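Please read the structure below before turning to the comments.
The structure displayed is predicted, hence computed values, not measured ones.
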Amino acid sequence: MHTIFHLAFHVRDLDVARRFYGGVLGCTEGRSTDTWVDFDFFGHQISLHLGEPFATTNTGRVGDVMVPMPHFGLALELPDWKAMAARLEAAQTDFVLKPQVRFEGQPGEQWTMFFCDPFGNPIEVKGFRSLATVYDK
């Protein structure tokens, strides 16, 4: 079974959202109205609606860093992850957790980074040499 994940959440300004999700992240814009816009979020659908973003707290632990919860994100093949990290760094993104490798040389080895969109919605992006290892332990 092949599925596409859908997530709808709030942003305060659709033009700013378009610049970030379309420009910085490189997502393709889909349908929109005056109050929402859809994006192809790396094969999944996100719908950004005008409103107040959800509340988050730094209660998740990644190594020694407390990261925002809840958050959403992606698991990418490593070359795509590196390309995204470079785009975010070029855009002078303020990272919650700078791009780095975790569990190096162990099962489940992964690269990760945390950042927020312009409205404070937290996003984690993980990179793997092969997506077949996402659940390795």
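Distance alone, capped at 3.5 Å, is enough to place a donor-acceptor pair between the N121 side chain and the H10 backbone.
Hydrophobic clustering keeps V67 apart from M113 (ILVMFWY residues linked when any side-chain heavy atoms are closer than 4.5 Å, directly or through intermediates). Residues L14 and L7 share a hydrophobic cluster, clusters being chains of Ile/Leu/Val/Met/Phe/Trp/Tyr side chains in contact below 4.5 Å. In the hydrophobic cluster analysis, where Ile, Leu, Val, Met, Phe, Trp and Tyr join through side-chain heavy atoms closer than 4.5 angstrom, V16 is grouped together with I46. No continuous path of ILVMFWY side-chain contacts below 4.5 Å connects L97 to F103, so the two sit in separate hydrophobic clusters. Hydrophobic clustering of Ile, Leu, Val, Met, Phe, Trp and Tyr side chains at less than 4.5 Å, counting indirect connections, keeps W36 apart from L48.
Smallest separation of non-hydrogen atoms from R102 and T112: CD-CG2, 3.6 Å. When all heavy atoms of R61 and G63 are compared, the pair lying nearest together is CG-O, 3.1 Å. The shortest non-hydrogen separation linking G43 to I4 is O-CG2, 3.3 Å. Nearest heavy-atom pair, V37 versus R18, reported as atom, atom and distance to 0.1 Å: CG2-NH2, 3.9 Å. Residues T56 and P70 come closest through the heavy atom pair CG2-O, 3.6 Å. Across all their heavy atoms, P53 and G51 have their closest contact at CD-O, 3.5 Å.
Note on ring orientation: taking the six-membered ring where Trp is involved, the planes of F5 and H44 are perpendicular (angle over 60°, cut-offs 30° and 60°). Taking the six-membered ring for Trp and thresholds of 30 and 60 degrees, F9 and F54 have ring planes more than 60 degrees apart, a perpendicular arrangement.
Residues L74 and K126 have side chains not in contact (no heavy-atom distance under 4.5 Å, counting atoms from C-beta outward). Residues E29 and Y21 fail the side-chain proximity criterion, which asks for heavy atoms closer than 4.5 Å. Between L88 and L25, the closest side-chain pair of non-hydrogen atoms falls below 4.5 Å. Side-chain atoms of F115 and V125, non-hydrogen and from C-beta on, do get closer than 4.5 Å to each other. Side-chain contact between P118 and R19 is absent, with no heavy-atom pair separated by less than 4.5 Å. P68 places a side-chain heavy atom less than 4.5 Å from the side chain of N58.
Surrounding CD of Q92 are at most 12 heavy atoms belonging to other residues, nucleotides or ligands under 6.0 Å away.
Rounded to the nearest 0.5 angstrom, F20 CZ and C27 SG are separated by 8.5 Å. Distance check, rounded to the nearest 0.5 Å: CG of L76 to NZ of K82 gives 13.0 Å. To the nearest 0.5 Å, atoms CD (Q100) and CD (Q110) are separated by 10.0 Å. With values rounded to the nearest 0.5 angstrom, T93 atom OG1 is found 10.5 Å from K98 atom NZ. Separation of atoms CZ (F42) and OG1 (T28) is listed at 9.0 Å; rounding is to 0.5 Å. M69 contributes atom CE, which lies 9.5 Å from atom CD of E124 (distance to the nearest 0.5 angstrom).
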Please report, to 0.1 Å, the donor-acceptor pairs under 3.5 Å made by any side chain of residues 127-137, with sequence neighbours excluded.
| from | atom 1 | to | atom 2 | distance (Å) |
| --- | --- | --- | --- | --- |
| R129 | NE | E109 | OE1 | 3.0 |
| S130 | OG | A132 | N | 3.1 |
| T133 | OG1 | S130 | O | 2.8 |

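Under the ring pair (Phe, Tyr, Trp, His ring centres under 6.0 Å) criterion, H71 pairs with F114, not counting sequence neighbours.
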